[in-house]
Amino acid sequence: MIEWYKKVVFENYANFDGRARRKEFWMFSLASVIISFALGFVLGLISPTLGLAANVYGLAVLVPSIAVGVRRMHDVGKSGWFLIIPIYSLILACTEGDKGANVYGPDPKNEFNEINEIGKVEL
């Protein structure tokens with residue numbers, strides 16, 4: 001879970017291009033909720049003003065959260081704008097991504113995508 005979180009936050013902080021598989025999206029979401037809850041609850045017990053650290057954390061991961069959501073929409077072949085439709089975006093986030101490459105990039109589950117490109121001529 002931590003590897004997926006680090007991949008989203010550090011490697012793809014504001015990367016809105018490409019695709020994100022379900023596991024990347026949901027592991028990041030789970031880790032983010034756990035961290036936010038821990039910051040809010042634990043620091044809130046110490047001092048109510050320290051509980052605001054959860055809000056600061058939320059602002060810090062706002063861009064990567066939107067970016068991984070947009071990449072998740074790309075994985076199912078939809079535009080990132082579908083992220084703003086509440087119920088439908090949740091359904092799409094739970095849906096398996098397109099097999100093979102789509103207009104947004106290669107399949108993130110297919111580690112050996114280059115083998116399929118052998119012999120193809122690009123114009």
Side-chain angles (χ1 to χ4, degrees):
M1 176 171 67
I2 298 301
E3 294 82 23
W4 290 106
Y5 182 80
K6 287 193 289 189
K7 179 181 178 185
V8 171
V9 173
F10 298 121
E11 295 176 22
N12 293 316
Y13 185 83
N15 181 13
F16 293 89
D17 296 326
R19 297 166 60 176
R21 47 190 295 200
R22 280 184 295 186
K23 188 171 187 176
E24 178 181 353
F25 177 78
W26 289 111
M27 287 296 141
F28 169 77
S29 299
L30 177 64
S32 188
V33 165
I34 290 170
I35 292 169
S36 183
F37 178 76
L39 285 173
F41 184 74
V42 173
L43 295 178
L45 286 177
I46 296 170
S47 170
T49 56
L50 286 178
L52 295 175
N55 294 339
V56 172
Y57 169 76
L59 286 175
V61 295
L62 180 65
V63 172
S65 298
I66 295 171
V68 76
V70 167
R71 290 195 318 271
R72 180 71 203 123
M73 296 298 110
H74 288 173
D75 191 40
V76 293
K78 301 290 184 187
S79 168
W81 288 105
F82 279 88
L83 194 62
I84 63 175
I85 305 172
I87 302 297
Y88 189 55
S89 65
L90 178 64
I91 293 169
L92 290 176
C94 296
T95 305
E96 185 175 0
D98 294 344
K99 300 275 188 219
N102 66 13
V103 296
Y104 298 105
D107 188 355
K109 281 187 173 180
N110 188 0
E111 297 175 6
F112 304 105
N113 201 28
E114 299 86 30
I115 197 77
N116 297 331
E117 302 299 320
I118 294 175
K120 290 187 179 177
V121 178
E122 292 186 28
L123 300 176

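Because the structure is a prediction, the values reported are computed rather than measured. Heavy atoms only: backbone and side chains are in, while hydrogens, waters and symmetry mates are out.
- Within the model, atoms CD1 of Ile35 and CG of Leu30 stand 9.5 Å from one another, a figure rounded to the nearest 0.5 Å.
- Contact detail for Cys94 and Trp26: the closest heavy-atom pair is SG-CZ2, 3.8 Å.
- By the 4.5 Å heavy-atom criterion applied to side chains, Leu92 and Arg72 are not counted as neighbours.
- Ile84 and Ile91 fall into different hydrophobic clusters, defined by Ile, Leu, Val, Met, Phe, Trp and Tyr side-chain heavy atoms under 4.5 Å apart, directly or through other members.
- Remark: the backbone N or O of Val76 is not paired with any side-chain donor or acceptor of Asn102 at under 3.5 angstrom.
- When every heavy atom of Pro108 is checked against every heavy atom of Ala20, the shortest pair comes out as CG-C, 4.4 Å.
- Surrounding CD1 of Ile87 are at most 12 heavy atoms belonging to other residues, nucleotides or ligands under 6.0 Å away.
- Inter-residue side-chain proximity for Val56 and Leu52 is flagged as unmet; no heavy-atom pair is nearer than 4.5 Å.
- Under the 4.5 Å side-chain heavy-atom criterion for grouping Ile, Leu, Val, Met, Phe, Trp and Tyr, Val68 is connected to Val61 within one hydrophobic cluster.
- The list of salt bridge (Lys or Arg N to Asp or Glu O under 4.0 Å) pairs with a residue in residues 2-13, not counting sequence neighbours, reads Lys7-Glu24.
- At least one side-chain heavy atom of Ser65 sits less than 4.5 Å from a side-chain heavy atom of Phe28.
- With hydrogens and angles ignored, the 3.5 Å screen pairs a side-chain donor or acceptor of Arg71 with a backbone N or O of Asn15.
- One hydrophobic cluster, built from ILVMFWY side chains closer than 4.5 Å, holds both Val42 and Leu45.
- In this structure the side chain of Trp81 never reaches within 4.5 angstrom of the side chain of Ser89, judged on heavy atoms.
- In summary, of the residues considered (Lys109, Arg21, Arg19, Arg22), a side chain to side chain donor-acceptor pair (under 3.5 Å) with Asp75 occurs for Arg19 alone.
- Shortest non-hydrogen contact noted between Ile66 and Leu83 is O-CD2, 3.9 Å.
- Using a 4.5 Å cut-off on side-chain heavy atoms (C-beta onward), Tyr104 and Val70 make no contact.
- Residues Phe37 and Ile34 fall into different hydrophobic clusters, defined by Ile, Leu, Val, Met, Phe, Trp and Tyr side chains chained together at heavy-atom separations under 4.5 Å.
- Cluster membership for Phe10 and Tyr5, using ILVMFWY side-chain heavy atoms within less than 4.5 angstrom, is shared.
- Not one N or O on the side chain of Ser36 forms a donor-acceptor pair closer than 3.5 Å with the backbone of Ser32.
- Heavy-atom neighbours of Phe41 CZ from other residues, nucleotides or ligands within 6.0 Å: at or below the threshold of 12.
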